[in-house]
J.: 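Shown below is the structure under consideration.
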Amino acid sequence: MEFLNNFFSTNQFIPHGHCYLWKPELVWLHLLSDMLTGLAYYSIPVMLVYFVRKRRDVPFGWMFLMFGTFIVACGTTHLMDVWTLWYPTYWLSGLIKAITALVSVLTAIELVQLIPQALALPSPAQMEAANCQLAKEIAERIRTEEVLRESEQRWQLALRGNNDGIWDWNVKTNEVFFSGRWKEMLGYEDYEISNHLDERLTRVHPDDLNWVTQAVQDHFEKKTPFYITEHRVLCKDGTYKWILDRGQGLWDENGNVVRMAGSHTDITERKQAEKALSNLLNQLESMVEERTAELTRINQSLQTEISERQRIEEALRESEQRFRAAFHQAAVGIAHVAIDGRWLLVNQKLCDLVGYTLEELQLLTFQDITHPDDLKADLKYVDQILADDIQTYSMEKRYFRKDNSIIWINLTVSLMREPSGEPKYFIAVVEDISDRKRSEEQIQASLLEKEVLLKEIYHRVKNNLQVISSLLNLQSAYIKDKYDLAIFQKSQQRIASMALIHEKLYQSQDLARINFGEYVRDLVASLFTAYEVNEDAIALTINVDDHIFLGLDTAIPCSLIINELVSNSLKYAFPAGKNGTICIEIKEKFDSNLTLRVTDNGIGLPTNFELKKITSLGWQLVDALTQQLAGNITIKGAVGVECQVTFPLI
């Protein structure tokens with residue numbers, strides 16, 4: 001501590017200003033000179049450090065840092081000279097000078113060792129020359145790459161622009177380059193064919209493979225200057241194309257073929273044209289021969305043709321006589337009717353049907369004797385046949401007889417046209433169907449009576465079932481045992497489900513079938529009401545195809561199955577007010593089967609549940625009803641309960 005006190009003490013010496021006799025001019029001269037020198041010394045290292053940090057590529061950066069340290073020390077000595085003008089801490093000033101001397105000596109030593117390395121650095125002229133040489137090499141390389149790129153582009157454009165396929169075979173490795181057009185010509189994508197010789201050989205038609213191989217061998221042995229063949233090649237779709245294949249080999253100094261490149265041209269159309277031309281020439285030769293023979297036969301058959309024409313005219317006269325006989329003696333009315341509706345020609349049967357003579361009918365049109373309620377439909381058919389939308393039409397309509405009575409007839413009409421296509425006249429065939437119409441009216445009346453009777457039966461069966469349900473309800477009031485009461489209530493619900501089917505049947509337009517989707521919704525709604533279900537607690541989803549209609553024999557078993565399964569879910573699936581969902585789904589499968597699925601997300605079934613061993617009447621009833629429907633049932637109960645019944649739709 002005494003040393004330090006002495007070291008920084010200012011009492012042992014006199015200030016340096018006394019040496020200057022405190023002359024202001026001299027003091028200010030040394031003060032300003034040392035201050036400016038110190039500031040300069042401090043700014044130089046800052047710039048050196050900034051330079052080294054920005055130019056990290058400059059070699060010997062550590063030497064710049066040593067110079068900076070040396071300059072900072074020198075600047076500090078000058079500042080100490082200013083300080084000692086008034087405060088004589090000469091020991092501290094001397095220590096700073098000693099440090100400056102040490103840094104100076106070390107920097108000088110390192111600089112001596114660094115000079116050979118610095119001299120070895122290239123001069124700016126050498127660097128400029130090297131840069132010029134490097135720039136030339138880079139420019140040359142860029143030019144070469146541009147030329148190669150243009151060459152590659154020309155090669156690719158040539159491949160794409162040429163309609164021929166290009167191939168290049170490395171004979172030593174059997175690798176073959178196939179252009180995109182080569183693959184496209186055979187119907188393949190680029191990735192579907194590998195670069196191997198087998199891709200080419202396996203597609204040559206078996207009948208052409210031997211002589212194609214021989215042509216290649218002859219070219220390799222220089223028996224032919226070029227390789228050229230026309231052969232068939234298998235395409236991707238299994239067809240064959242005719243290909244003109246050309247190539248040129250490349251031999252090494254030992255006379256061995258090392259490479260062959262060529263083109264692949266589709267000549268299928270040319271081959272087809274050649275074949276067609278050949279066939280055409282053969283046909284022309286055959287036609288000339290046939291024509292010569294035909295002219296000979298024509299000369300020989302002129303007399304025969306004249307005789308045949310006379311025979312045909314005689315046959316036409318006989319045919320006309322037969323037509324007139326068939327027309328006038330037919331068992332149905334036949335008439336030729338003009339486009340405006342006038343009767344042109346009628347047979348006697350039509351006159352008998354309407355009670356008019358031939359002369360009287362020819363003064364009328366078919367509109368005059370047609371019932372007004374049938375005329376609109378008749379005229380609509382006439383417009384369609386005139387517009388050539390239909391060729392013929394048939395309809396049932398009414399005619400007024402001469403005595404104003406009505407006759408039902410079946411009318412069939414067709415149109416005769418001129419060779420130019422213009423309408424000529426109608427041919428009408430009229431058949432009396434009055435007796436059949438009276439029979440149909442009697443049958444319709446009988447069916448209506450039976451329909452009313454069947455509805456009454458369904459209504460009475462429904463009422464009787466409701467009476468039985470009401471009796472069970474009254475009887476259950478005297479039952480004290482809860483188990484027996486539950487049995488009565490279940491029976492009452494089953495009877496109610498059957499009664500609902502009969503109600504739907506007599507309300508349906510089709511008395512043999514009901515819309516089962518509508519029935520299921522009403523059935524489940526009644527079950528929810530019977531069990532007093534909170535609709536907010538148990539959600540219901542019903543998904544039934546709208547086109548499902550079931551007959552009585554199928555609807556009753558199916559409804560009882562739904563009744564049992566939904567009742568079980570409502571009673572057991574959601575204990576203690578638990579929320580859940582019940583889903584009913586009925587779908588028609590493509591094989592004319594129906595699938596009924598009833599599911600819930602409740603507590604599920606016991607782990608030891610087996611349908612065949614269960615003693616519950618409800619499950620036994622479900623099993624029996626499934627067998628009655630000739631169906632099969634599957635039950636899953638691990639998570640919730642899913643019951644699926646599949647049965648044929650009859």
Side-chain angles (χ1 to χ4, degrees), residues 137-276:
E137 293 179 358
I138 292 173
E140 182 64 23
R141 177 167 294 182
I142 292 174
R143 189 185 65 80
T144 303
E145 290 177 352
E146 184 65 26
V147 171
L148 290 175
R149 189 179 300 108
E150 291 179 359
S151 176
E152 177 67 16
Q153 290 175 350
R154 285 195 295 270
W155 165 247
Q156 292 298 330
L157 286 173
L159 287 181
R160 291 195 296 267
N162 188 2
N163 197 37
D164 294 345
I166 305 299
W167 52 268
D168 188 355
W169 174 21
N170 187 331
V171 179
K172 290 185 177 181
T173 63
N174 273 341
E175 291 182 349
V176 184
F177 163 77
F178 299 106
S179 69
R181 177 57 184 158
W182 192 94
K183 300 173 184 178
E184 179 186 349
M185 198 178 297
L186 302 183
Y188 291 93
E189 298 293 336
D190 189 64
Y191 63 88
E192 293 181 306
I193 294 184
S194 62
N195 295 330
H196 197 275
L197 182 62
D198 290 343
E199 297 283 2
R200 183 180 176 199
L201 294 179
T202 55
R203 289 177 172 79
V204 178
H205 194 285
D207 296 342
D208 303 341
L209 182 59
N210 289 335
W211 61 273
V212 169
T213 305
Q214 186 61 45
V216 174
Q217 189 64 33
D218 290 345
H219 180 57
F220 282 2
E221 295 174 359
K222 297 187 177 181
K223 295 180 180 179
T224 57
F226 302 99
Y227 157 73
I228 180 168
T229 61
E230 294 181 359
H231 59 273
R232 290 161 291 179
V233 178
L234 181 64
C235 298
K236 183 179 180 179
D237 59 3
T239 62
Y240 280 92
K241 282 187 176 181
W242 276 98
I243 298 298
L244 172 61
D245 204 15
R246 292 166 290 190
Q248 175 65 56
L250 178 65
W251 289 264
D252 59 13
E253 61 276 5
N254 298 324
N256 298 320
V257 180
V258 295
R259 188 173 185 176
M260 185 164 75
S263 63
H264 192 85
T265 306
D266 184 359
I267 60 170
T268 304
E269 293 183 357
R270 194 197 79 190
K271 282 290 186 179
Q272 293 174 346
E274 291 176 354
K275 183 177 180 180

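What you see is a predicted model, and the numbers here were worked out from it, not measured in a lab.
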J.: By side-chain contact (heavy atoms from CB on, under 4.5 Å), which residues pair with D218, not counting sequence neighbours?
T.: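 Residues passing side-chain contact (heavy atoms from CB on, under 4.5 Å) with D218: Q214, K223, T224.
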J.: How far apart are the closest heavy atoms of E199 and S194, and which atoms are they?
T.: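 Closest approach of E199 to S194: OE2-OG, 2.8 Å.
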J.: Less than 4.5 Å apart, any side-chain heavy atom of L186 and any of R203?
T.: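 L186 reaches R203 side chain to side chain.
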J.: Just wondering, do E230 and R270 contact through their side chains at under 4.5 Å, heavy atoms?
T.: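 A side-chain contact exists here, since the closest heavy-atom pair is under 4.5 Å.
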J.: Is the closest side-chain heavy-atom distance between W167 and M260 below 4.5 Å?
T.: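 Yes, close enough: below the 4.5 Å cut-off.
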J.: Which residue pairs pass the ring-ring contact (aromatic ring centres under 6.0 Å, His included) test with at least one member in residues 193-216, sequence neighbours excluded?
T.: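 Only H205-Y240 qualify under ring-ring contact (aromatic ring centres under 6.0 Å, His included).
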J.: In chain order, what residues pass the salt bridge (Lys or Arg N to Asp or Glu O under 4.0 Å) check against E175, with sequence neighbours excluded?
T.: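 Result, salt bridge (Lys or Arg N to Asp or Glu O under 4.0 Å) vs E175: none returned.
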J.: Looking only at heavy atoms, what is the nearest atom pair of D252 and V258, with distance?
T.: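 Shortest heavy-atom contact: OD2-CG1, 3.8 Å.
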J.: Check D237 against T239 and note the closest heavy-atom contact, atom names and distance.
T.: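 So the minimum-distance heavy-atom pair works out to OD1-OG1, 2.7 Å.
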J.: Not counting sequence neighbours, list each pair that qualifies as a ring-ring contact (aromatic ring centres under 6.0 Å, His included) and has a residue in residues 214-236.
T.: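 ring-ring contact (aromatic ring centres under 6.0 Å, His included) check on residues 214-236 returns W169-F220, H219-W251.
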J.: Between CD1 of I243 and CG of L234, what distance do you get to the nearest 0.5 Å?
T.: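 It is 11.5 Å, given to the nearest 0.5 Å.
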J.: Which distance, rounded to the nearest 0.5 Å, do you find between the CD1 of I267 and the CD of Q272?
T.: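 Atom-to-atom, I267:CD1 and Q272:CD are 11.0 Å apart.
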J.: Which distance, rounded to the nearest 0.5 Å, do you find between the CG of N174 and the CG of D198?
T.: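 It is 7.5 Å, given to the nearest 0.5 Å.
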J.: Which atoms form the tightest heavy-atom contact between K241 and C235, and what is the distance?
T.: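 Closest approach of K241 to C235, heavy atoms only: CG-SG, 3.5 Å.
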J.: Could you check whether any side-chain heavy atom of R259 comes within less than 4.5 Å of a side-chain heavy atom of N170, counting everything from C-beta outward?
T.: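 Side chain of R259 against side chain of N170, heavy atoms only: no contact under 4.5 Å found.
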J.: Nearest 0.5 Å, what's the OG1-CG distance between T265 and L244?
T.: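 CG of L244 is found 5.0 Å from OG1 of T265.
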J.: Donor-acceptor check, side chain of D208 to backbone of R232, threshold 3.5 angstrom: yes or no?
T.: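 A pair under 3.5 Å: yes.
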J.: Using side-chain heavy atoms (C-beta onward) and a distance below 4.5 Å, is H264 in contact with V233?
T.: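 Yes, their side chains come closer than 4.5 Å.
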J.: Do other residues, nucleotides or ligands put more than 12 heavy atoms under 6.0 Å from E269 CD?
T.: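 No, the 6.0 Å shell around CD holds no more than 12 heavy atoms from other groups.
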J.: Spell out, as yes or no, whether a donor-acceptor pair under 3.5 Å connects the side chain of D266 to the backbone of T268.
T.: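 A pair under 3.5 Å: yes.
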J.: Is there a side-chain contact between R200 and F178 in this structure, where contact means two heavy atoms from C-beta onward sitting under 4.5 Å apart?
T.: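 Answer yes - side chains close enough.
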J.: Does K236, at its NZ atom, have more than 12 non-hydrogen atoms belonging to other residues, nucleotides or ligands within less than 6.0 Å?
T.: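 Counting neighbours around NZ of K236, more than 12 heavy atoms of other residues, nucleotides or ligands fall under 6.0 Å, so yes.
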J.: K172: which residues meet the salt bridge (Lys or Arg N to Asp or Glu O under 4.0 Å) condition with it, sequence neighbours left out?
T.: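 Testing K172 for salt bridge (Lys or Arg N to Asp or Glu O under 4.0 Å), a comparison that skips the adjacent residues, returns none.
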J.: Does I166 offer a backbone N or O that forms a donor-acceptor pair with the side chain of S263 under 3.5 Å?
T.: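 Such a contact is absent between S263 side chain and I166 backbone.
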J.: Kindly write out the residues that satisfy salt bridge (Lys or Arg N to Asp or Glu O under 4.0 Å) with R246, not counting sequence neighbours, or none if the list is empty.
T.: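 Expected list: D164.
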